[in-house]
Amino acid sequence: MLSAAALDWPRIQQRGGLEMRLVLWLLCLLFAAVAGEKPPSAVAVVEGSEPIGAGNGEARVDDEPDREDPEVFLPTSQWQTLKPGQAVPAGSHVRLNLQTGQREVKLDEDSGASKYVRDGQRLVNTQSPSFTAQELKEALKMFKEGVEDSRTPEEEASLKAKFRPIDELKRDMAELDMLMETDAQIMRRLITQFNNSNSTVEEKVKALVDLEYLVHQVDNAQNLVPMGGMKLVIDALNGTDFRLQESAAFVLGSAVSSNPAVQVEAVDGGALQKLLMLLATSRPMNVKKKVLFAVASLLRHFPYAQSHFLKLGGMQVLADLFQTAGGDALRLRIVTVIYDLIIEKELISQTGLDYIPDSSYQERLRQYDQVSLLPALPEQGWCHLVPELLASQDHDWREKTLRAILAMMPYCQSDYQQNSVLLSSLSTLQKQYQELVLIEQDLGEEDGYFGEILTLLDTVALIVQ
Ligand SMILES: *[C@@H]1O[C@H](CO)[C@@H](O)[C@H](O)[C@H]1NC(C)=O
Ligand SMILES: *[C@@H]1O[C@H](CO)[C@@H](O)[C@H](O)[C@H]1NC(C)=O
Ligand SMILES: *[C@@H]1O[C@H](CO)[C@@H](O)[C@H](O)[C@H]1NC(C)=O
């Protein structure tokens, strides 16, 4: 993943920065050697230091004035006439006086105070970088060792400003490299990071979060199994850390969503038992939410998992959770899981009516036949539990609850009829929604949302009263 690979960037950048600085210095030296028509150039070697290249015949970068020079000219802010043979420091303005035919020199306007000071026989540039051989050696050493040098923040900023385009180019190239890391490579890296006993819990959670992002892709989710990631994730469900349980359930839920091949692997890998164990024991709410998400994804359109779930006592676990759940949000999710299971089976049986059944369809029908969810609903208390959610203030939750009540009708009708709380809340809600429908109609909405809820209320009331 991008974010993970981006961790390497500061290191690249730092190294790049040092390289850039060395290049800058070398450019300064080169520039000085080329641009200074004659010594003295912009670069001075100060007294007492060993001149660069001395003794080995390499390019002279020192600016020791020629001994033969009678005098080195020291420019001021005024034009001064240059005597024949006098050397002119680089950066001076030189003009030919057409009247006298003489050359005149003054300081560069921009430079303000004199850049040049006389240092014995030598002219030393006080503004351009000035290096002794020792300093340059130190700089090279620092570069080799990757040691950050001691520039002031201002110098740092001006260097950054100068080389920004190159930095950006490098960053683009680094990003390109990251993009070229395939999903499979990233997944392997994340799985290794997660599996490494030296990783902190934070690092492991981060690896799982990144993995969760990747397994939304069908291929990636399927690769999780041969890579060994599926087993690690399922193992983490009964690990010791809540944060890992939560993230592992999240990865699992996303990997199996609409992915039958992975659903099979997860169920055969024992995921359902561990998920149900997490739901049945005391866990923080955010763990339970992710676990419920994983359970729902595992069961959806997968009768094989649904039969397993029923055999493992999944409905009883959900009923217990419903009664201890800290909030209606989790309760509504539970009811939605049950509603989806009922409706899914309902729809598959109905499809058969106008559908030319093939063998796989027959097999699915046979599998769904083994899922006998409905008969167990009354004895597990669901006929009483689900209507409790009608007390919610949320229209959307009431709507979903009414749909679930209707879906459970074949087995819950007599329970509903004896449920005085349900009967009274039905009539209260009918009045409330009749008023809301009037307002809706005043606003010009004939088939509005409140009208839809009222229709559901009327239907339930008609059957149970
Ligand atoms: C964990 O750290 C130790 C010591 O730093 C090291 O020897 C070992 O190879 C590391 N293990 C893994 C799996 O990286
Ligand atoms: C996880 O680590 C264990 C031991 O460190 C190793 O045996 C196993 O193969 C690793 N699993 C994966 C999927 O990398
Ligand atoms: C998790 O469950 C497996 C078997 O399902 C067991 O081998 C393992 O020891 C358990 N881990 C923990 C930490 O309880």
Side-chain angles (χ1 to χ4, degrees), residues 1-15 145-148 174 177-279 281 283 286-287 290-291 293-295 297-299 302 304-305 308 312:
M1 242 197 79
L2 287 181
S3 61
L7 289 177
D8 290 300
W9 173 243
R11 204 160 41 84
I12 298 166
Q13 200 178 30
Q14 186 189 6
R15 226 183 54 212
E145 291 170 0
V147 179
E148 191 54 78
D177 276 347
M178 282 179 230
L179 288 176
M180 278 162 22
E181 189 179 14
T182 64
D183 280 5
Q185 285 170 324
I186 300 171
M187 282 176 66
R188 271 201 198 89
R189 181 161 51 74
L190 293 172
I191 289 170
T192 304
Q193 186 183 339
F194 175 67
N195 192 33
N196 188 335
S197 51
N198 289 345
S199 296
T200 63
V201 171
E202 284 74 22
E203 285 165 343
K204 290 184 177 191
V205 167
K206 171 106 179 45
L208 287 179
V209 168
D210 290 352
L211 209 50
E212 191 278 331
Y213 175 82
L214 287 168
V215 297
H216 283 267
Q217 291 259 336
V218 172
D219 293 351
N220 289 343
Q222 287 174 1
N223 280 338
L224 193 62
V225 179
M227 283 178 187
M230 174 62 85
K231 184 181 178 323
L232 290 178
V233 165
I234 292 175
D235 284 349
L237 289 175
N238 70 331
T240 47
D241 197 285
F242 289 156
R243 288 169 292 175
L244 291 179
Q245 292 169 357
E246 179 187 353
S247 308
F250 196 24
V251 173
L252 187 67
S254 298
V256 299
S257 286
S258 315
N259 204 328
V262 187
Q263 278 177 319
V264 176
E265 297 287 345
V267 172
D268 288 348
L272 260 180
Q273 290 93 316
K274 292 191 178 177
L275 291 171
L276 288 176
M277 192 270 294
L278 286 173
L279 288 181
T281 50
R283 306 285 148 168
N286 45 356
V287 175
K290 290 288 192 293
V291 171
F293 160 69
V295 169
S297 307
L298 209 44
L299 300 185
F302 192 31
Y304 174 69
H308 261 267
L312 290 167

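Every value quoted in this text rests on a predicted model; they were computed, and no experiment measured them. Numbering of ligands and ligand atoms starts at 1, following listing order. Just so you know, these numbers use all the heavy atoms, side chains as well, and skip hydrogens, waters and symmetry mates.
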Per-residue contact class, Lys231 against ligand 2 - non-hydrogen pairs under 4.0 Å: neither
Spacing of CD1 belonging to Ile186 relative to CD1 belonging to Ile191, to within rounding of 0.5 Å: 12.0 Å
Donor on one side chain, acceptor on other, Ser199 and Gln193, under 3.5 Å: no
Distance filter under 4.0 Å to Met227 heavy atoms, resulting ligand 2 atoms: 13 (C)
Test applied, side chain to side chain contact (heavy atoms under 4.5 Å, CB included); reference residue, Phe194; option that passes from Leu211, Leu244, Val251, Asp210: Leu244
From Lys274 atom NZ to Asn238 atom CG, the distance as rounded to the nearest 0.5 Å: 4.0 Å
Table of N or O contacts for ligand 1, cutoff 3.5 Å:
residue, atom, partner, partner atom, Å
ligand 1, 2 (O), Asn198, OD1, 3.4
ligand 1, 2 (O), Asn198, ND2, 2.2
ligand 1, 11 (N), Asn198, ND2, 2.9
ligand 1, 14 (O), Asn196, ND2, 3.4

Residue pair Glu203 / Asn198: nearest heavy atoms and the distance that separates them: OE1-O, 4.3 Å
Closest heavy-atom pair and its distance - Ala305, Leu298: CB-O, 3.5 Å
side-chain hydrogen bond (donor to acceptor under 3.5 Å, both in side chains) partners of Asp268, counting only residues at least two apart: Tyr304
Element-labelled atoms of ligand 2 that are located less than 4.0 Å from some non-hydrogen atom of Leu232: 13 (C)
